[in-house]
Amino acid sequence: MTRIRRKFWGWGTEDQIVPEGEATAVLAAAARRFGVDDLSGVPPPTEAEFALPAPRVRVPASLAHLVRDDIHERLVHAYGKSFADSVRMFARDVPHPPDLVAYPESPDDVARLLEWAGGARVAVVPFGGGSSVVGGVEPDVGPAYAGTVSLDLARLDRIRAVDTMSRAALMEGGLFGPALEAGLKPHGLTLRHFPQSFEFSTLGGWIATRSGGHFATRHTHIDDFVEALEVVTPAGRIETRRLPGSGAGPSPDRLFIGSEGALGIITAAWMRLQAAPRFRAAQAVRFRDFHAGAEAVRLILQAGLDPANCRLIDAEEARTAGAGDGTNALLVLAFESGHLDQAGRLAQALDLCRAAGGTWETVAGAEAHRAGAQGAWREAFIRAPYHREVLVPRGVIVDTFETAITWDRFAEFHADVTARVSRAIVEATGRPGGVTCRFTHAYPDGPAPYFTFQALGDRARVLDQWRQIKAAASDAVIAGGGTITHHHAVGRDHDPWYRVQRPSLVGAALSAAKAALDPVGILNPGVIADPPTGPVGTRGAMAAGPAPRV
Ligand SMILES: Cc1cc2nc3c(=O)[nH]c(=O)nc-3n(C[C@H](O)[C@H](O)[C@H](O)COP(=O)(O)OP(=O)(O)OC[C@H]3O[C@@H](n4cnc5c(N)ncnc54)[C@H](O)[C@@H]3O)c2cc1C
């Protein structure tokens with residue numbers, strides 16, 4: 001691998017350590033927030049501090065050139081990038097590393113690896129960028145398997161074809177965000193799918209998790225951009241037809257979109273593209289409170305204006321990001337187009353904001369979306385994933401959860417979730433913390449609220465404290481009628497709540513699909529669908545499951 005090595009214990013690459021001045025500021029803000037003088041911690045782990053068990057399985061000689069088993073590779077592929085993953089890395093606690101890490105170079109390699117794994121009863125956990133925050137890539141599969149292989153798609157990273165007339169491209173599943181966009185740029189095209197994890201996540205991972213990206217409205221998930229898929233399953237290969245639309249039965253693409261590695265390996269996809277935007281119009285609008293801002297978002301969406309960005313941020317979250325003084329909610333509004341001037345659409349949206357009590361100071365120019373409060377919030381948003389390496393080793397709990405709910409239930413839902421999570425923080429840690437909310441995406445019939453919670457834990461038991469809070473949050477979301485995830489996916493962490501949310505017959509149908517595509521049940525056991533042998537996994541992260549209330 002020529003790429004700079006990824007940190008196995010944090011976000012980014014090994015050269016991207018949070019600079020000392022920035023770390024000091026982050027810690028000072030946390031100390032102020034929790035009213036403590038000193039937040040001491042432990043240094044990041046080194047590879048030498050881990051004694052991983054020897055790999056339990058070996059591949060045949062014909063596949064050996066595709067496989068690694070050195071400690072760095074096994075650690076990078078042991079966890080995703082959730083708060084719990086960080087805590088366990090800083091605790092030097094890795095009970096389920098993959099035995100092997102495989103880097104297939106072609107769909108044929110994938111098929112041969114799956115064939116071997118099926119015969120040897122080895123669980124295969126597909127791995128894109130490993131940015132899962134829901135335990136999606138953790139090889140914790142229980143005792144029914146002879147071993148585990150993390151199947152890293154990074155070498156399937158080509159753009160195979162570009163169709164400029166239809167504006168689509170056939171791209172491989174292991175392409176990371178920056179390489180994908182760089183490859184499309186010479187054609188004047190873009191996918192414009194920018195999840196916060198863009199730099200360290202892949203096309204295949206986005207499709208497998210139904211990732212939510214750049215567009216806050218209309219095309220919120222990656223789903224709508226998938227034109228056709230190439231999938232390798234243990235039972236054989238599937239290539240769906242390139243079509244702009246089809247009414248021929250349930251969509252085969254939709255079976256794999258969101259299948260989280262449990263039904264097949266997405267080796268390539270034809271993706272619908274767009275022209276790079278040339279016209280932009282943006283404005284930050286302040287509201288007296290979150291609910292006044294929510295009313296403006298509802299009016300904008302129901303008027304069919306579909307802004308590319310429509311991020312409503314509550315007053316406290318705006319303050320924390322340096323984008324306000326804590327008295328007003330902030331709506332970051334932006335329109336964009338490759339073809340048409342957007343000033344008129346922005347003006348129409350601002351009329352609706354005014355009707356809902358919004359006020360603003362105009363920042364002119366093409367870079368308006370990067371200036372003022374919008375710019376401050378954007379910068380804080382980009383740096384936030386790195387700050388975890390400063391906060392986690394000091395017992396500070398900072399995590400997020402996201403959902404969606406219809407407008408008619410939103411106000412009550414928001415109040416109830418906030419109250420229950422605030423209460424859970426006090427119960428778990430003995431002191432108050434913070435719960436804030438923003439909208440990441442919005443629809444004519446409801447928003448996708450994204451909550452952030454912060455608490456000061458006790459380093460020795462911070463994982464249990466986090467579990468208690470996360471379980472309360474998930475209980476509250478499901479009890480209030482929301483979804484356990486709008487775009488972060490289900491993984492192993494959300495599975496108990498997903499099972500409550502999902503109609504049981506749909507669960508049975510998914511298991512039947514899995515039995516057809518993955519008859520031995522080797523693909524990502526414990527995620528989305530039960531293998532033919534029944535539920536598996538030893539995972540304790542969310543073992544308690546939801547309260548039996550629904
Ligand atoms: C800091 C941070 C910010 C984030 N921001 C966002 C955001 O804005 N929007 C969002 O939606 N999510 C976000 N996430 C979550 C995560 O980035 C997404 O779920 C992303 O789509 C995962 O892509 P990945 O390539 O890293 O996949 P991985 O994490 O490697 O895998 C995710 C799941 O997909 C499966 N999988 C991966 N590749 C394939 C494949 N080729 N075929 C079949 N299955 C596969 C894996 O087995 C696993 O179950 C964020 C995460 C972090 C840490």
Side-chain angles (χ1 to χ4, degrees), residues 6-7 10-12 76-77 79-83 85-86 98 104 107 110 114 123-139 141 148-157 171-177 180 193-216 220-223 229-233 256-269 311 381-389 398-400 402 440-441 448 450 485-495 517-518 523-529:
R6 266 173 288 177
K7 285 176 205 159
W11 188 241
V76 164
H77 293 83
Y79 289 131
K81 298 295 178 197
S82 72
F83 175 80
D85 298 337
S86 259
V110 173
L114 292 184
V124 176
V125 180
F127 190 100
S131 68
S132 169
V133 283
V134 294
V137 292
E138 185 176 339
V141 298
T148 56
V149 172
S150 181
L151 190 83
D152 190 316
L153 279 299
R155 289 188 195 163
L156 282 169
D157 62 352
M171 302 184 280
E172 292 189 332
L175 258 175
F176 279 77
L180 180 150
H193 186 75
F194 300 125
Q196 189 189 16
S197 54
F198 172 76
E199 200 179 348
F200 299 107
S201 56
T202 62
L203 176 64
W206 298 339
I207 297 171
T209 58
R210 303 188 64 190
S211 154
H214 177 76
F215 295 101
T220 53
H221 292 91
I222 192 84
D223 310 18
L229 286 179
E230 176 190 285
V231 184
V232 178
T233 79
F256 295 100
I257 296 172
S259 62
E260 300 192 27
L263 300 181
I265 314 292
I266 299 160
T267 49
R311 210 175 280 267
F381 175 73
I382 290 167
R383 293 303 297 160
Y386 293 93
H387 293 165
R388 190 172 267 166
E389 71 194 49
V398 187
D399 199 11
T400 62
E402 36 76 62
T440 54
H441 302 86
Y450 185 103
T485 176
H486 172 266
H487 58 267
H488 277 172
V490 175
R492 291 172 175 81
D493 287 355
H494 288 152
D495 184 69
L517 298 166
D518 178 21
L523 283 181
N524 218 1
V527 173
I528 292 285

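Positions are given from 1, in the same order as the sequence printed here. Counting convention: from 1, in listed order, for ligands and their atoms alike.
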Out of curiosity, [X] [atom1] to [Y] [atom2], how far, rounded to the nearest 0.5 Å?
| X | Y | atom1 | atom2 | answer |
| --- | --- | --- | --- | --- |
| Thr202 | Asp157 | OG1 | CG | 11.0 Å |
| His77 | Leu151 | NE2 | CG | 9.0 Å |
| Phe198 | Leu180 | CZ | CG | 7.0 Å |

Of all the non-hydrogen atoms in the protein, which one sits nearest to [atom], and at what distance?
| atom | result |
| --- | --- |
| atom 27 (O) of ligand 1 | Gly205 CA, 3.5 Å |
| atom 41 (N) of ligand 1 | Ile266 O, 3.0 Å |
| atom 33 (C) of ligand 1 | Thr209 CG2, 3.5 Å |
| atom 12 (N) of ligand 1 | His488 CD2, 3.7 Å |
| atom 36 (N) of ligand 1 | Ala208 CB, 3.7 Å |
| atom 47 (O) of ligand 1 | Pro126 O, 2.6 Å |
| atom 51 (C) of ligand 1 | Ser131 O, 3.3 Å |
| atom 2 (C) of ligand 1 | Ser197 CB, 3.9 Å |

Sub-4.0 Å heavy-atom contact, [X] with ligand 1:
| X | answer |
| --- | --- |
| Gly80 | no |
| Gly213 | no |
| Val137 | yes |
| Gly130 | yes |

Is there a side-chain contact (heavy atoms from CB on, under 4.5 Å) between Glu389 and Lys7? Walk through the geometry before answering.
CA-CA 11 Å; Glu389 71 194 49; Lys7 285 176 205 159; 2.7 Å; yes
Between His441, His193, His494, which is the residue that forms a ring pair (Phe, Tyr, Trp, His ring centres under 6.0 Å) with His487?
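Single pass found, and it is His441.
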Of all the atoms in ligand 1, which lie at a distance below 4.0 Å from a heavy atom belonging to [X]?
| X | result |
| --- | --- |
| Pro195 | 6 (C), 7 (C), 8 (O), 9 (N) |
| Thr202 | 24 (P), 25 (O) |
| Glu260 | 35 (C), 47 (O), 49 (O) |
| Ser132 | 29 (O) |
| Gly136 | 47 (O), 48 (C), 49 (O) |
| Phe127 | 30 (O) |
| Gly264 | 43 (C) |
| Asn524 | 47 (O), 49 (O) |

Below 4.0 Å, non-hydrogen atoms only: which portion of [X] touches ligand 1? Side chain, backbone, both or neither.
| X | value |
| --- | --- |
| Leu153 | side chain |
| Val133 | side chain |
| Pro385 | side chain |

State whether the shortest distance between N or O atoms of [X] and N or O atoms of ligand 1 falls below 3.5 angstrom.
| X | result |
| --- | --- |
| Ser201 | no |
| Gln196 | yes |
| Gly212 | yes |
| Gly129 | yes |
| Lys81 | no |

**Study point:** From CA spacing to verdict: side-chain contact (heavy atoms from CB on, under 4.5 Å), Thr209, His488
**Key:** CA-CA 7 Å; Thr209 58; His488 277 172; over 6 Å; no
Is [X] salt-bridged to [Y], going by a charged N under 4.0 Å from an acidic O?
| X | Y | result |
| --- | --- | --- |
| Arg388 | Asp399 | yes |
| Asp85 | Arg492 | no |
| Glu172 | Arg155 | no |

Report task. Going by heavy-atom distance to atom 44 (N) of ligand 1, choose the closest among Ser86, Gly174, Gly261. Result ->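 It is Gly261 that holds the nearest heavy atom.
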Do Thr485 and Glu402 get their side chains close enough for a donor-acceptor pair, meaning under 3.5 Å?
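Side chains of Thr485 and Glu402: pair found under 3.5 Å.
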Exercise. Answer yes or no on whether Arg311 is positioned over the face of Tyr450, meaning its NZ or CZ is under 6.0 Å from the six-membered ring centre and within 45° of the axis.
Key: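 Geometry flag: not set, cation outside 6.0 Å or 45°.
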Evaluation steps, side-chain contact (heavy atoms from CB on, under 4.5 Å), between Ile207 and Leu229 = CA-CA 10 Å; Ile207 297 171; Leu229 286 179; 4.1 Å; yes
Once the angle between the rings of His221 and His486 is folded into 0 to 90°, is it parallel (under 30°), tilted (30 to 60°) or perpendicular (over 60°)?
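Judged by the thresholds at 30° and 60°, the geometry between His221 and His486 is tilted.
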Quiz item: Does Glu199 have any side chain to side chain donor-acceptor pair (under 3.5 Å) partners at least two apart in sequence or in another chain, and if so, which?
Solution: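 Testing Glu199 for side chain to side chain donor-acceptor pair (under 3.5 Å), a comparison that skips the adjacent residues, returns none.
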Q.
Determine whether Tyr79 and Ser132 satisfy the following criterion, side-chain contact (heavy atoms from CB on, under 4.5 Å), listing intermediate values before the conclusion.
A. CA-CA 8 Å; Tyr79 289 131; Ser132 169; over 6 Å; no
Next item on the list: Ignoring hydrogens and angles, tell me if any N or O in the side chain of Asp223 forms a donor-acceptor pair with the backbone of Arg210 under 3.5 Å.
Entry: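 No; judged by distance alone, with no hydrogens or angles, the pair does not exist.
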Could you tell me whether the side chain of Pro195 reaches within less than 4.5 Å of the side chain of Trp206, counting heavy atoms only?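 With C-beta onward as the side chain, the pair touches.
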